[in-house]
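Structure, as C-alpha cells:
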Amino acid sequence: MHICQYCNKKSFATKKLDQIELEKLGNNCNQVTFLKGDRIMIQDALSHNIVFIEGGLVKIHASGPEKEQILKIVKGPSYLGIPTVIGSKTNKFSATAISKTTACFIDFEVFKDFIIQNGEFAYEIIIDLCKNELFSYKKCINQAQKQGPGKIAEALLYFSEIIFENSSFNLPLTRYELGNLTCTSRETVSRILSDFSNNKIIEVNSKKISILNKEQLEIISKKG
DNA sequence: GCATTAACCACAG
DNA sequence: CTGTGGTTAATGC
C-alpha cells in the first residue's frame, strides 16, 4: 500500500481527487522502481493495471514484421497503457526503462471508478489521451514525408525541448535505436550527425549532444 | 543520362 | 557500438 495523499508527483488528473479517493487510490496501487533496461510492460501480456510513470525515461516499442519498432520516448510524469488497458485485453506494446524509473501500477477497476465518478479527473485523462493522439499524427506525417536530416533534426529538438529541456544532453539511445525511432538506418544517423556537426549546427561527443544553432535545426526539421 | 537520397554491406577501431 | 567508404536501387529533373 502506498500513501498517495502526500505524494508530490501527482498527475494533473490525480490532483483532482479528494482525500477519500486518494486513500482508495493508495490502497489499490503499488510503486515499483526500475533500472535502465528493465521491462515495465510486456507486449501481449494481460494487463489490469494502468501504469503511471512518476519519473524517469521510458522507451515505448512494439514488435513489427521483421523487428522491434521504437514508437516513442516518454518522460515521467506520464501515464502509460491507458489505451491498451481500456481498448484491449492485452498490451499492444512494450515499455522499457532507459533510465532509473519509478512507476505506480494502479488497479484498473479503481481507475475506472474515478473516471466514471469524477468528471474533472476524467477530463484530465482525456486531455492526456488527446495530446497523445495528436502526437501520433504528427509523428506519422514526419515519418512519411521528411527526409533523413529532417527526421533527425526533429528528434534532436524533441530530446532537447521536451525530454531534457536543455540545449545540451546525453542521448539515451544508441545510433541504431535513434535510427529505429526515426525510421532510418544507423548509418544514416551517423552521417547526418557528423554532417550537422561539420556545419556547426550541433556538437557531438559520442552520446553527448549540444545544439549550437537551434534556428538552423528548426529550419531543417520544418522543411523536412 | 545525371544527381540526389538512402539502404545494405563490409570493415576498422 | 560507431564511423566511413563502396555499391546499388529508386526517384526526379
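What you see is a predicted model; the values in this text were computed from it and never measured. To find a chain, count down the sequence lines: A is the first, B the second, and so on, and within it residues start at 1.
Among C:dG3, B:dA6, B:dC8, the nucleotide with an atom closest to any side-chain atom of A:Gln147 is B:dA6.
In this structure, A:Gly148 and A:Arg186 both approach DNA chain B, and ranking their closest nucleotides by distance from the 5' end singles out A:Gly148.
Residues A:Ser136 and A:Lys72 bring no donor and acceptor atom of their side chains to less than 3.5 Å of each other. Using a 3.5 Å distance cut-off with no hydrogens or angles, the side chains of A:Glu133 and A:Tyr137 do pair a donor with an acceptor.
Cluster annotation: A:Ile163 is connected to A:Ile152 through the hydrophobic network of ILVMFWY side chains, with a link wherever side-chain heavy atoms come within less than 4.5 Å. A:Phe159 and A:Phe135 fall within the same hydrophobic cluster, where Ile, Leu, Val, Met, Phe, Trp and Tyr residues are linked whenever their side-chain heavy atoms come under 4.5 Å apart, directly or through other members.
Spacing between atom CZ of A:Arg191 and atom P of B:dT4 amounts to 16 Å, rounded to whole angstrom units. For the pair A:Glu177 CD and C:dC1 P, the computed distance is 8 Å after rounding to whole Å. For the pair A:Ile152 CD1 and C:dT2 P, the computed distance is 13 Å after rounding to whole Å. Atom NZ of A:Lys67 is separated from atom C1' of B:dA7 by 10 Å (rounded to the nearest Å). With rounding to whole Å, A:Asn170 atom CG is found 17 Å from C:dC1 atom P. Atom P of nucleotide B:dA7 and atom CG of A:Asn180 are separated by 12 Å, given to the nearest angstrom. Note: CD1 (A:Ile192) to P (B:dT5) measures 10 Å, nearest angstrom.
Taking 4.0 angstrom as the limit, A:Arg175 places a side-chain polar atom (N or O) nearer than this to OP1 or OP2 of C:dG3. In terms of phosphate contacts, A:Ser185 brings no side-chain nitrogen or oxygen within less than 4.0 Å of OP1 or OP2 of B:dA6.
With contacts defined as side-chain heavy-atom distances shorter than 4.5 Å, the pair A:Phe196/A:Pro149 qualifies.
Listed in residue order, the members of residues 58-65 of chain A having a heavy atom less than 4.0 Å from DNA chain B come to none. Contacts between residues 198-212 of chain A and DNA chain B, defined by a heavy-atom separation under 4.0 Å, are absent.
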| request: Please lay out, stage by stage, how A:Gln117 and A:Glu21 fare under the test side-chain hydrogen bond (donor to acceptor under 3.5 Å, both in side chains). | output: CA-CA 10 Å; A:Gln117 287 161 16; A:Glu21 288 170 320; over 6 Å; no
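Taking all atoms of both residues into account, the shortest heavy-atom contact from A:Thr84 to A:Asn91 is OG1-CA, 3.2 Å. Scanning all heavy atoms of the two residues, the minimum distance from A:Phe52 to A:Ser11 falls at CE1-CB, 3.5 Å.
For the pair A:Lys59 and A:Glu68, the salt-bridge criterion is not met [side-chain N within less than 4.0 Å of a carboxylate O].
For B:dC9, its base sits under 3.5 Å from the side chain of A:Glu187 at one donor and acceptor pair at least.
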